[in-house]
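These notes are about the structure you will find just below.
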Amino acid sequence: MELPNWLSEASPALCRCGCGGRRKGNFIEKTLRDIIKIIQEAVFSEEIALRPGFLQRLDARIKVISLIYLLIIVNLCAHLSLLWGFYLVLLAIAVSSKLPLRQVVARVWLVIPLFTGIMVLPSIFNWVRPGDPLWVIADFHHSLHLGYLSFPSVLAVTSQGLWGGIMLISRVGISVSLAVVLTLSTRWMDFLRALRTFFVPKIFIMTLEMTYRYIFVLVSAMEEMFLARKARDAGQSAPKEERRFVASAVGGLFGKSLQMSEEVYWAMTARGYSGEIRLLKGSSLCWSDVLVLSLVVLAGLILIAANKVMG
Amino acid sequence: MHIPDGYLSPQTDALLGIASVIAAAGAAYKTAHTLRAKYIPMLSIGAAFSFTIMMFNVPIPDGTTAHAVGGSLLAILLGPWAAMISISIALIIQALFFGDGGILALGANIMNMAVVLPFVSYGIYRLVAGKSGVSSKRHWIGAAIAGYVGLSAAALCAGIEFGLQPLLFHTANGTPLYSPYGLNIAVPAMLFAHLTIAGPVEGLVSALVVTYLQRTNPVMLQLKSNTEKSVGSFRYRTLIIGLLVLAVLSPLGLLASGTAFGEWGGEELQAKFGFIPSGLQKLGDFWHHAFLKDYGISGYDHTFWQQALGYLISAFFGLLVIGMIALIVQRFLGRSQGRTS
């Protein structure tokens, strides 16, 4: 039997280096991977929030107040020792609440220094930001000119740049850790409902809750579109065609969401929605919640005072 | 484009939070009469849609992929005010649950991506499209320019926000406290990345989706004018007030506490710490002295902040001990009750 021509040709879907492996990562697979990541994250964090632990037991309202309050404190502190002291306490609490360390530590500290670090790297040199030289890399003995730019004769790492960079990375990492610890230990619906305590109108909470629900509906609709495309995909298609596919997927999804919003509205009306919003009653605070909140407030004030004392 | 916490000072966050609130108040004023009760499900799903758009990977010429923000597309489809609400909600959910963008920096992110982006885009789109028919070329050309310019404008705003940090916030010897680059570096860097890659992607996606809708479902491009004409209820206003409150929530509270900290006088300080119970205060004095002895800094109790620190630490540990005792008692009681029953 004779092979058809197209079968014997090197497929453009195979790796160009000739290793025989498939070319990795076209846009369909990437998008599918992103979708799976979102859903996985949602399910995983829900599961962690349901484990028994100190943070999980805490009322969501307390956690929302503490999160915002502590974020402000962390962003006002200008001393590394205070920031890291705070982080260690936070980490201890996270560990005692059985939060997964991989999520809390590794994901934050592998990603943040990389991105923020690359961004901040040029600023540690005196050519970009002048400062006191800490470590001289090269001495050219005469100042350099490049077009209308002129650089000092010495290229050095400045102490201001270095400490500023370390400060920025620490601050960003600790802020993100704080948010991760408190959101991981809270069920998302509880978190949204907690916002009600802060005089956010019910209608807004309801919109947020509905948005959260429909994100998953739309995301799975999107997943179906991309899976269907992947099932029909052989070889490599032209980028122009791929872009057209993405655009029609976005357009199609928009049509779908409009239609759905119409249907949801009718379904709500059929179930007695007249514009008035009723949400389930929240539970009341217990003494330990109040105690924890006072401890958090005091801890924040301590950090601010210590920051002032240290100058 | 999502600015995380730590890059901007809380003061900047507060300022941008207030600016976003003013924009939201404008939205409330402008749209109070134009929208229907049906809008809650529509806005929810619009926000979910705007969240989903950001997940689409678009193949770009060098073989890799890029994301579109989708803000200009939403502005074209839903109008700038509704787009503002939808994108804000999507940004809030991203910040709270997916760690995409900071929580304090929400005001800044809403300003850049939910206010500047849709409004600039919509203005340009309307300008180019004019009064031409739905199937006119001017619609998709307008969408392309709108996406490109809108995203670049948002990037410019982010660049300016970054660039102001080192000018305003640094220690005495010049160590930057937040983002380290001045305006002369931050603005060109942000603009370059967005003018070359992200901007064209945004324009391309907007234009392609608009042509797709022109071809298959032109009604959707006229949706916006329909909703504007219909008579609405006041509900939309409360929704925007909610957005407003949420945006105020973090930065404004911080502003209040921030200025209060700077301006505490003698009497205010007395009032502030008058609430510490006398027993605790005694304990505080005890701790205070122990604290001083351990650290051995002479004259440590002279400034306000040093005294405050001593009191605060004592109050903290006092409360902690009380809490522990209460917890142990409760557990003990619970156990004995369990035994008797």
Side-chain angles (χ1 to χ4, degrees), chain A residues 27 30-31 34 68 71-72 75-76 78 120 123 129 131 160 163-164 168 171-172 175-176 179-180 183 188 198-201 203-204 207-208 210-212 214-215 218-219 222 239 242-244 246-248 250-251 254-255 257 260-261 264-265 275 291 294-295 298-299 301-302 305-306 308-309, chain B residues 4-6 10 37-38 40-45 47-49 51-53 55-59 65 77 89 93 96-97 99 102-104 173-177 180-181 205 208-209 212-213 217 220 235 238-239 241-243 245-246 249-250 254 261 305-306 308-309 312-313 315-316 319-320 323:
Chain A
F27 77 104
K30 248 189 208 165
T31 310
D34 285 354
I68 293 168
L71 273 177
I72 294 166
N75 280 280
L76 283 175
V120 89
S123 79
R129 250 191 92 85
Q160 283 96 332
W163 287 113
L168 183 72
R171 209 198 286 281
V172 172
S175 300
V176 172
V180 165
T183 47
W188 293 6
F198 308 103
F199 311 108
V200 179
I203 196 168
F204 188 69
T207 311
L208 266 175
M210 280 180 68
T211 303
Y212 178 58
Y214 284 103
I215 278 175
L218 287 188
V219 161
M222 180 179 160
E242 289 178 344
R243 279 193 288 275
R244 256 217 319 271
V246 171
S248 37
V250 173
F254 178 69
S257 22
M260 193 165 62
S261 84
V264 166
Y265 174 68
L291 181 83
S294 346
L295 285 176
L298 282 174
L301 290 177
I302 287 174
K308 290 274 176 184
V309 167
Chain B
D5 280 332
K38 222 184 219 182
I40 298 182
M42 178 154 171
L43 276 184
S44 310
I45 291 169
F49 176 67
F51 180 95
T52 318
I53 290 187
M55 288 178 62
F56 278 96
N57 286 293
V58 184
T65 58
L77 296 176
I89 291 177
I93 288 188
L96 286 182
F97 301 130
I103 292 169
L104 289 185
N173 72 349
T175 308
L177 283 174
Y181 299 106
V205 169
L208 285 174
V209 173
Y212 171 82
L213 290 178
N217 207 343
M220 280 183 195
R235 242 168 262 295
T238 30
L239 185 87
I241 292 171
L243 188 74
V245 170
L246 206 72
L249 200 74
S250 40
L254 120 105
F261 266 116
W305 285 109
Q306 291 167 350
L309 185 61
L312 286 168
I313 291 178
F316 180 82
L319 211 56
L320 194 66

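Sequence lines set the chain letters: A, B, ... in the order given, protein chains first and strands last, and positions in each chain run from 1.
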Checking heavy atoms, do the side chain of [X], its backbone, both or neither come under 4.5 Å from chain B?
X      : answer
A:L168 : side chain
A:V180 : neither
A:M260 : both

Note to self: Please rank A:I215, A:V176, A:L218, A:T183 by heavy-atom pairs under 4.5 Å with chain B and give me the top one.
What the structure shows: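 Winner by heavy-atom pair count: A:I215.
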Next item on the list: Quick one: which of A:V250, A:I302, A:V246 has the most heavy-atom pairs under 4.5 Å with chain B, could you say?
Entry: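 Option with the greatest count: A:I302.
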Check: Could you state the interatomic distance from CG (B:L77) to CZ (A:F254), rounded to the nearest 0.5 Å?
Finding: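 One finds 4.0 Å between CG of B:L77 and CZ of A:F254.
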Item checked: Gap between atom CD1 of B:I103 and atom OG of A:S175 - 0.5 Å precision ->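 Going from OG on A:S175 over to CD1 on B:I103, the span is 9.0 Å.
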Next item on the list: Could I get the full list of side-chain contact (heavy atoms from CB on, under 4.5 Å) partners for A:A78, not counting sequence neighbours?
Entry: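 If we apply the side-chain contact (heavy atoms from CB on, under 4.5 Å) test to A:A78, skipping adjacent residues, the hits are A:M167, A:N307, B:L177.
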Please give me the minimum heavy-atom distance between [X] and [Y], naming the atom from each residue.
X      : Y      : value
A:T211 : B:A47  : CG2-CB, 3.5 Å
A:R243 : B:L208 : O-CD1, 3.8 Å
B:P4   : A:V172 : CB-CG1, 4.4 Å

Notebook entry, point to check: Side chain, backbone, both or neither: which part of B:L96 has a non-hydrogen atom closer than 4.5 Å to chain A?
Noted result: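 Both parts, heavy atoms under 4.5 Å.
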Check: What pairs with B:F51 under ring pair (Phe, Tyr, Trp, His ring centres under 6.0 Å), at least two apart in sequence or on another chain?
Finding: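 If we apply the ring pair (Phe, Tyr, Trp, His ring centres under 6.0 Å) test to B:F51, skipping adjacent residues, the hits are B:F98.
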Next item on the list: Starting from the C-alpha separation in whole Å, work towards a yes-or-no answer on side chain to side chain contact (heavy atoms under 4.5 Å, CB included) for A:V264 and B:I45.
Entry: CA-CA 10 Å; A:V264 166; B:I45 291 169; 4.2 Å; yes
